[in-house]
Amino acid sequence: MTTLEALIQSHQQRRMPPLDWNARKTKWLDELNQLLSQIRDQLMAAGVARENLQEIGFPLNEEYLGQYQAPGLLIRIGASELVLQPKGTRIIGALGRVDVTGPRGRAKLIAELGDEATDPAPLTQKWHWFIYPEHGRHGRYPLTDDNLAQLLTQVLGD
């Protein structure tokens, strides 16, 4: 057996098991619900009334996952509205994406595995949400209480 054949055989024996798409969808929806709950809690703690936080469903249709409803959020702050709209979990280089749209701009919330992840399987790890500017992948920052204010400034204005 040649070195190349041995290498190929070794890697073929270590193939990852096929992805369970139903489990992936369940994990995505769980993480999405946790994200929306975290944002709702932060906004209410900052003085936004519960009636100004309206959950809305968005129809999604993703390859291998089919058609389903994903939760999003309509937020009213003063005279302004912004929407958190899930885009899906089948995202290249990420685990999920939520678009944030306000009267003054847009941003994306992207779910990724944390740096501490030792297992590459997204179903067994905690997902971490990062804020990305409207264009590109440069300038990302983690979604925290303080950074939520920065995100709101970006899409609502000052």
Side-chain angles (χ1 to χ4, degrees), residues 19-158:
L19 188 56
D20 179 345
W21 289 108
N22 285 329
R24 173 66 181 260
K25 181 167 58 173
T26 299
K27 175 71 170 173
W28 154 241
L29 293 172
D30 287 347
E31 292 288 339
L32 185 57
N33 279 312
Q34 289 176 35
L35 169 71
L36 297 176
S37 178
Q38 172 191 348
I39 290 172
R40 265 193 309 272
D41 290 349
Q42 290 171 338
L43 291 173
M44 286 190 306
V48 176
R50 181 178 296 276
E51 59 268 12
N52 291 331
L53 304 169
Q54 179 183 351
E55 186 172 306
I56 47 180
F58 289 93
L60 295 179
N61 187 6
E62 296 189 84
E63 186 176 15
Y64 302 116
L65 301 178
Q67 296 180 1
Y68 63 98
Q69 286 282 320
L73 193 60
L74 172 65
I75 302 166
R76 291 181 189 91
I77 300 176
S80 298
E81 289 186 348
L82 64 128
V83 175
L84 279 68
Q85 180 178 359
K87 289 304 202 178
T89 188
R90 294 201 22 92
I91 306 298
I92 295 173
L95 301 169
R97 176 177 143 196
V98 175
D99 285 357
V100 182
T101 306
R104 300 257 196 280
R106 299 171 57 101
K108 296 177 284 249
L109 298 174
I110 304 287
E112 302 173 7
L113 290 179
D115 293 335
E116 75 284 354
T118 56
D119 180 355
L123 300 181
T124 60
Q125 300 292 318
K126 171 89 175 98
W127 294 8
H128 299 272
W129 290 92
F130 292 89
I131 301 167
Y132 282 83
E134 184 173 4
H135 301 289
R137 289 184 60 92
H138 298 291
R140 82 176 177 118
Y141 47 98
L143 178 62
T144 63
D145 288 352
D146 290 337
N147 290 343
L148 179 59
Q150 186 176 341
L151 170 65
L152 293 179
T153 299
Q154 184 179 342
V155 299
L156 292 174
D158 291 330

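Side-chain atoms are counted along with the backbone in the values below, which use heavy atoms only and exclude waters and symmetry mates.
- The distance from atom CG of Leu84 to atom CG of Leu74, rounded to the nearest 0.5 Å, is 9.5 Å.
- A donor-acceptor distance shorter than 3.5 angstrom exists from the side chain of Glu62 to the backbone of Arg90, with no hydrogens or angles considered.
- Rounded to the nearest 0.5 Å, atoms CG (Asp99) and CG (Leu82) are 12.5 Å apart.
- When the ring pair (Phe, Tyr, Trp, His ring centres under 6.0 Å) test is applied to Tyr64, the partners found at least two apart in sequence or on another chain are Trp21.
- Using a 4.5 Å heavy-atom threshold, the side chains of Thr101 and Val155 count as separate.
- Within the model, atoms OH of Tyr68 and CG of Leu29 stand 6.0 Å from one another, a figure rounded to the nearest 0.5 Å.
- Taken to the nearest 0.5 Å, the CG atom of Leu143 stands 12.0 Å off from the NE2 atom of His128.
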Pair Leu43-Leu152, side-chain contact (heavy atoms from CB on, under 4.5 Å): steps then yes or no: CA-CA 10 Å; Leu43 291 173; Leu152 293 179; 3.7 Å; yes
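- Side-chain contact between Trp127 and Leu113: present, with at least one pair of heavy atoms (C-beta onward) separated by less than 4.5 Å.
- Note that CD of Gln67 is 4.5 Å distant from CG of Asn61, once rounded to the nearest 0.5 Å.
- Residues Pro133 and Gln154 meet the side-chain proximity criterion, which asks for heavy atoms closer than 4.5 Å.
- A donor-acceptor pair under 3.5 Å is absent between the side-chain atoms of Asn147 and the main chain of Gln150, judged by distance alone.
- Between Val83 and Phe58, the closest side-chain pair of non-hydrogen atoms falls below 4.5 Å.
- With respect to the salt-bridge test (charged N to carboxylate O, under 4.0 angstrom), the residues Arg140 and Glu112 qualify.
- Here the closest non-hydrogen pair linking Ala94 and Ile110 is CB-CG2, 3.3 Å.
- Taking both residues in full, the closest heavy atoms of Ala70 and Leu60 are given as CB-CD1, 3.6 Å, listed atom of the first, atom of the second, then distance.
- In terms of modelled atom types and a separation under 3.5 Å, the side chain of Arg24 and the main chain of Thr89 share a donor-acceptor contact.
- Residue Pro71 comes nearest to Glu55 through the heavy atom pair CB-OE2, 3.7 Å, listed as atom of the first residue, atom of the second, then distance.
- Remark: side-chain polar atoms of Ser37 are not paired, donor with acceptor, to backbone N or O of Asn33 under 3.5 angstrom.
- Trp28 and Pro86 get closest at one heavy-atom pair: CZ2-CB, 3.9 Å.
- With Arg40 contributing its side chain and Leu53 its backbone, the two residues share no donor-acceptor pair below 3.5 Å.
- Legend: residues meeting side chain to side chain contact (heavy atoms under 4.5 Å, CB included) with Asn52, ordered by chain and number and at least two apart, are Val48, Ala49, Arg76.
- Contact annotation: the side chain of Arg104 never approaches that of Leu156 to less than 4.5 Å [non-hydrogen atoms, C-beta and beyond].
- You'll find the side chain of Tyr132 stays beyond 4.5 Å of the side chain of Tyr141, heavy atoms only.
- Between Lys87 and Gln85, some side-chain heavy-atom pair lies under the 4.5 Å cut-off.
- Between the CG atom of Leu151 and the CG atom of Leu109 there is a distance of 6.0 Å, given to the nearest 0.5 Å.
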